[in-house]
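These notes concern the structure reproduced below.
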2 protein chains.
Amino acid sequence: MTEDRPPLTRERIIEAAFAIVDEAGVDRLTMRMLGERLGVDPMAVYHHLPNKAAVLDGIVEHLWGGVELPAPSDGESWQFVIGEVFRAFRRRLLAHPRAAPVVGTRPAVSPAMLALVEGILARLHRAGFAGRDAMVLIDCLAGYTIGKVLAETSAALGDEATGPVAAALATVTPQTHPFLVREIAGGYALAPDDQFERGLAALIGGWSD
Amino acid sequence: MTEDRPPLTRERIIEAAFAIVDEAGVDRLTMRMLGERLGVDPMAVYHHLPNKAAVLDGIVEHLWGGVELPAPSDGESWQFVIGEVFRAFRRRLLAHPRAAPVVGTRPAVSPAMLALVEGILARLHRAGFAGRDAMVLIDCLAGYTIGKVLAETSAALGDEATGPVAAALATVTPQTHPFLVREIAGGYALAPDDQFERGLAALIGGWSD
DNA sequence: GGGGCTCCTCTACGGTGTAGAACATTTACC
DNA sequence: GGTAAATGTTCTACACCGTAGAGGAGCCCC
């Protein structure tokens, strides 16, 4: 029974949990499954994390921690900097669509997230952001980005979504929804990236500093 | 056993489910609890809805359905109209903070939501919105609003949040997070309503039509 | 060598979503 | 009016969930 196994740590546990969620979705993340993946009794996890919610919070932190600030360059505007940051954040979330819902549902504050915010503030300052409420700007952009990604992912990998969604869409006719039909026919099919970019530009460009 | 009971319908079920979520939170919504509240065997629900996910989707639809367009008035700008719509949407969500996470996590398309979108499009048209991508604007504002409300509610009624959140905040010092500390000291405590308003104004004002 | 500590395992409990059969009650039809 | 089908409800049962609580294995220090 003395199989050589790397020691259990909070980090290893969260990595394994993240992998499970990433591959199979949140509701397949089970303490039993987690234990199996770590080659350990499920209950062993409880010596490193108090409960399953803490595991989920660890995943959220793991995601925030992976966001990288853009390489600084001279003469960059704060608008460019903040835009790049949230483009990177969105990329990070979309790379793990099954994990994205977790980020939306659990409180976000964690060391990794605070470190990122501090980094953003420093970069904004460096780029000459004059406004006094940089935090509000960051919060608004974070909300926008998460909300948009949630809509995107839950629509994309909508499990059984096809059922009710298709049924609802079937009721859309030029008679019942004239404006909607015209909108769709007029080429609403803007790619998600472009949609995001559109709102991002508006939010940043319209910010009164 | 012939107790007189109003007949079970999809609507009554979803109302009951919504009430449970609203009062006790999503994870207290149980098929057994739902049955009990309806005075019925839990399994009876399955003759009106295929599974629990459908119950949740019903709740989402219920929330969308309750959003009311502002009373039309002459000479109103499209900026005003769309702003009012999403102010109303946010109010609707915040009135049921425990139900808000569900809206963020399940695909949104439903008859009620499509009807609302159709209504918004009509009002935008009436108010002289000239742009061709009204749907993109709506999507961006919906993302922003939901994202912001999620952050607000998950922070507000953060169950055990106090634990890890407080721990993370305790690591914030002027040495480790100089910019963050300055920001907080400088009066970051902008009320949530004002924060939302700030981003809303930017997003709408910065929209290039 | 032995006591304590840390990490892990085992067993068990109450609760979950829901499949499948049985039952009751209403409706449809000749 | 009798019978068959359809419909809505209940009962029972199953596999699985998070986790409490008691124990066991290996280590370190005195």
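Reminder, nothing fancy here: chain letters follow the sequence lines and each chain counts from 1.
- Checked against salt bridge (Lys or Arg N to Asp or Glu O under 4.0 Å), R10(B) has the following partners two or more places apart in sequence or in another chain: E61(B).
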*asked:* How would you summarise protein contacts on nucleotides 15-21 of chain D per nucleotide, using B for base, S for sugar-phosphate only and - for none, with heavy-atom distances below 4.0 Å?
replied: --BBBBB
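- E36(B) has its CD atom 14 Å from the C1' atom of dG15(C), to the nearest Å.
- Computed from coordinates, the R12(A) CZ to dC7(C) P distance equals 14 Å when rounded to whole Å.
- A cation-pi arrangement is present between R182(A) and F179(A) under the rule of less than 6.0 angstrom and at most 45 degrees off the ring axis.
- Residues R123(A) and P72(A) have side chains in contact (heavy-atom distance under 4.5 Å, counting atoms from C-beta outward).
- To the nearest angstrom, P of dT26(C) lies 16 Å from NE2 of H47(B).
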*asked:* Under the criterion salt bridge (Lys or Arg N to Asp or Glu O under 4.0 Å), I'd like the reasoning laid out for D57(B) against R106(B): C-alpha separation, chi angles, the key distance, then a yes or no.
replied: CA-CA 7 Å; D57(B) 288 343; R106(B) 312 267 341 153; 2.7 Å; yes
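- Here dC8(C) presents its C1' atom at 9 Å from CG of L8(A), a figure rounded to the nearest Å.
- Between H48(B) and dT7(D) there is no side-chain N or O to OP1 or OP2 distance below 4.0 Å.
- Rounding to whole angstrom units, CG of residue D41(B) and P of dT18(C) are separated by 14 Å.
- The side-chain heavy atoms of I82(A) and W207(A), taken from C-beta on, include no pair separated by under 4.5 Å.
- Atom C1' of nucleotide dC8(C) and atom CD1 of I13(A) are separated by 12 Å, given to the nearest angstrom.
- Ionic pairing of R90(B) and E152(B) is present here: one or more N-O contacts between side-chain nitrogen and carboxylate oxygen are shorter than 4.0 angstrom.
- Distance R10(A) CZ to dC7(C) C1': 18 Å, rounded to the nearest Å.
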